[in-house]
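Before any comments, here is the structure.
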Amino acid sequence: MRKTLIKNIGLLQTPAGSHPHRGREQGDNLKLKDAAVLCEDGLIKEITSGGALPGEVEKYSSGDGCPDEGYTVIDAGGKLVTPGLVDGHTHLVFGGYRHNEIPLKLKGADYLEILKAGGGILQTLTRTREGSFEELYEKSMGFLDEMLFLGVTTCEAKSGYGLSWEAEKKQLQIVKKLNEDHPVDLVSTFMGAHMVPPEYKEDPDAYVDLLCREMLPAVKETGLAEFADVFCEEGVFDVEQSRKYLEEAKKLGFGLKIHADEIEEMGGSQLAGELGAVSAEHLIAIGEKGLMSLAKGGTTAMVLPATSFYLGKGFAPVRRMIEMDIPVAMGSDFNPGSCPSLNLQFVMNLGYLKYRMTPEEILTAVTINPACAIGRGDTVGTLEPGKKADLVIWDAPDMDMLCYRFGSNLALEIIKEGELM
Ligand code: NIG
Ligand code: FE
């Protein structure tokens, strides 16, 4: 039996429960002073506060608060401890980079113009199709190391840079292998509807047919993804095409996600609520009807402020979402085009300054809410007995400090399933 005791925690802060937190509850965090956490075989066994130690530790302790044997003891040095962060939206596996687009951006070309001119996702498509399994695997492994070091212990990964069954399958199989090999837990989303590939440029509906008739069933059969996502956007997939794809995905039993109202308000959020999607993502341009539909459908708003920052666009109306009882999650959107950063700590800073969320709401938005949006609310996202012992010891006394300091890595120690990384 592997046992780990994390003691001398100045402040343990966590949301509670395994459900999406909305409205007032978004800002409800449990705060325990002078806490300790006992982990057994990778799970949390007991949490204590007020200077007390877990019962069994007290029993076997030699007097200095350290159990005699069979335990790994980690001293948190009086610092803040939270659940490991959950990044609920990434495009983790991709070939090449897109730094060559920056001069175009600076001359005023916007994201959709670059895409229309054959750059953007299409550039990454070529590089991802050319990349070997090993090359893309190694590159993504490096990104996961970086994420873990920044405090992320669970992460979603979308395909969508292959856009043919062979190339999509390669991306999904890389995610599967990374999940087996790397400490960060991965959840896979099929995003064959990220873009119309060049072969179908003249007949986008034929590509939607291919997705529905062949690719979605093939993903289902191989079990390579739990969720299906579509980029519903001007010049990409319209609402009707998105509906067709998502309805098929729903029939097959996938959880639904939509890149909605990222740049233009297209009606993607309305569709998300209507179909009972688990999450609608981006939402920079969401309007009142979209907000009402998310609230009615119980859909989580997965907002991505680092993308707003990088594209120089507005920020999603998060205060309004919280007011309307829509659960809010924040992700990195890590990808080579619209957000080449995987730093969820920076996302938290932006949540504070740009969305005007409270530190408590922010913690919920990077732990339990994204965990629920990727089907892992039962096992991660909060610190409570029975859940995975995924924790971060921060070089900060409280969440206020963590949300305020930016540009540094404040994650001091990462504990994944009870093991110090
Ligand atoms: O979430 N919006 C669509 N997909 C990504 C960007 C992909 C890319 O530009 O390579 C996003 O922003
Ligand atoms: Fe995205």
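- Within a 6.0 Å sphere centred on NZ of Lys139, other residues, nucleotides and ligands contribute more than 12 heavy atoms.
- Applying the salt bridge (Lys or Arg N to Asp or Glu O under 4.0 Å) test to every pair with at least one member in residues 310-339, sequence neighbours left out, gives these pairs: Asp110-Lys313, Glu288-Arg320, Arg319-Glu361, Arg320-Glu323.
- A salt bridge between Glu247 and Lys250 is absent, with no side-chain N of the basic residue lying under 4.0 Å from a carboxylate O of the acidic one.
- Across Val196 and Val236, no two heavy atoms sit closer than the pair CG2-O, 4.3 Å.
- At a threshold of 4.5 Å between non-hydrogen side-chain atoms, the residues Val93 and Phe143 do not count as touching.
- Listed by first and then second residue, the salt bridge (Lys or Arg N to Asp or Glu O under 4.0 Å) pairs that reach into residues 388-415 are Lys79-Asp395, Asp185-Lys388, Lys388-Glu417, Asp390-Lys416, sequence neighbours excluded.
- For the atom pair CG of Leu216 and CG of Leu210, the computed distance is 9.5 Å after rounding to the nearest 0.5 Å.
- One finds the CG atom of Asp229 at 4.0 Å from the CE atom of Met191 (value rounded to the nearest 0.5 Å).
- Between the side chains of His259 and His89, at least one donor N or O lies within less than 3.5 Å of an accepting N or O.
- For Asp209 and Lys244, the salt-bridge test passes: some basic side-chain N is under 4.0 Å from an acidic carboxylate O.
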- Item | Candidate pair Leu5 and Thr72, rule side-chain contact (heavy atoms from CB on, under 4.5 Å), full reasoning | CA-CA 6 Å; Leu5 172 70; Thr72 305; over 6 Å; no
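- Counting all heavy atoms, side chain and backbone alike, Leu283 lies closest to Ser269 at CD2-OG, 3.3 Å.
- To the nearest 0.5 angstrom, Asn29 atom CG is 10.5 Å from Leu12 atom CG.
- With a 4.5 Å cut-off on side-chain heavy atoms, Ile374 and Thr189 do not count as touching.
- Within the structure, no pair that satisfies the salt bridge (Lys or Arg N to Asp or Glu O under 4.0 Å) test touches residues 143-154, not counting sequence neighbours.
- In this structure, Lys158 pairs ionically with Glu156, as a charged nitrogen and a carboxylate oxygen lie closer than 4.0 Å.
- Residues Asn335 and Tyr161 have side chains in contact (heavy-atom distance under 4.5 Å, counting atoms from C-beta outward).
- Counting heavy atoms from C-beta on, the side chains of Gln241 and Asp205 come closer than 4.5 Å.
- Leu172 is listed as a side-chain neighbour of Ser159, based on a closest heavy-atom distance under 4.5 Å.
- Between Val81 and the options Leu383, Leu11, Val392, a side-chain contact (heavy atoms from CB on, under 4.5 Å) holds for only Leu383.
- A donor and an acceptor atom, one from each side chain of Thr382 and Lys387, are located under 3.5 Å apart.
- Here Phe190 pairs with nothing under the ring pair (Phe, Tyr, Trp, His ring centres under 6.0 Å) rule; sequence neighbours left out.
- Counting heavy atoms from C-beta outward, Leu246 and Ile258 have side chains that approach closer than 4.5 Å.
- Within the cation-pi definition used here (under 6.0 Å to the ring centroid, within 45° of the axis), Lys257 qualifies as a partner of Phe227.
- Under the 3.5 Å distance criterion, the side-chain polar atoms of Gln345 are left unmatched by any main-chain donor or acceptor of Leu402.
- Formation of a donor-acceptor pair under 3.5 Å by the His21 side chain with backbone atoms of His19 is found in this model.
- Phe231 and His194 have tilted rings, their planes meeting at an angle from 30° to 60° on a 0 to 90° scale.
- Separation of the Phe334 and His91 ring centroids does not fall under the 6.0 Å cut-off.
- Look at Lys177 and Glu134 and you find no salt bridge, because none of the NZ, NE, NH1 or NH2 atoms lies under 4.0 Å from a carboxylate O.
- The closest side-chain heavy-atom distance from Tyr352 to Pro359 is below 4.5 Å.
- Within 6.0 Å of NZ on Lys105 lie more than 12 heavy atoms contributed by other residues, nucleotides or ligands.
- For residues 365-377, the set of pairs meeting the salt bridge (Lys or Arg N to Asp or Glu O under 4.0 Å) definition, not counting sequence neighbours, comprises Glu226-Arg376.
- Lys201 and Pro204 make their closest contact through O-CD, 3.7 Å (heavy atoms, listed as atom of the first residue, atom of the second, distance).
- Counting only N and O atoms by type, the side chains of Thr82 and Gln13 include no donor and acceptor under 3.5 Å apart.
- Separation of the Tyr245 and Tyr207 ring centroids does not fall under the 6.0 Å cut-off.
- Classified by interplanar angle (parallel below 30°, tilted 30° to 60°, perpendicular above 60°), the ring pair Tyr97/Phe94 is perpendicular.
- Closest heavy-atom contact between Asp261 and Met266: OD1-N, 2.9 Å.
- Less than 6.0 angstrom separates the ring centroid of Phe346 from the ring centroid of Phe309.
- Using a 4.5 Å heavy-atom threshold, the side chains of Leu144 and Leu92 count as touching.
- In terms of heavy atoms, Ile368 sits closest to Gly377 at CD1-O, 3.8 Å.
- A side-chain N or O of Ser332 and one of Asp87 form a donor-acceptor pair less than 3.5 Å apart.
- One finds no salt bridge joining Arg129 and Glu166 here, because no Lys/Arg side-chain nitrogen approaches an Asp/Glu carboxylate oxygen to under 4.0 Å.
- Enclosure of atom CZ in Phe149 is not indicated, since only 12 or fewer non-hydrogen atoms of other residues, nucleotides or ligands lie within 6.0 angstrom.
- Rounding to the nearest 0.5 angstrom, the gap separating the OG1 atom in Thr364 from the CG atom in Asn369 is 6.0 Å.
- Formation of a donor-acceptor pair under 3.5 Å by the Ser341 side chain with backbone atoms of Asn343 is found in this model.
- No side-chain donor from either of Asn349 and Tyr404 sits under 3.5 Å from a side-chain acceptor of the other.
- Between Lys169 and Leu224, the shortest heavy-atom contact is CG-CD1, 4.0 Å.
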Taking only distance into account, with no hydrogens and no angle test, what donor-acceptor pairs under 3.5 Å do side-chain atoms of residues 289-306 form with protein atoms, sequence neighbours excluded?
unit_1 : atom_1 : unit_2 : atom_2 : d
Ser293 : OG     : Gln270 : O      : 2.9
Thr299 : OG1    : Ala277 : O      : 2.9

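- Going from atom OH of Tyr355 over to atom CG of Leu350 covers 8.0 Å, rounded to the nearest 0.5 Å.
- Taking CD of Glu419 as the reference point, atom CZ of Arg2 lies at 4.5 Å (rounded to 0.5 Å).
- Each of Thr90, Val152, Leu150, Val86 was compared with Leu344 under the side-chain contact (heavy atoms from CB on, under 4.5 Å) criterion, and only Val152 meets it.
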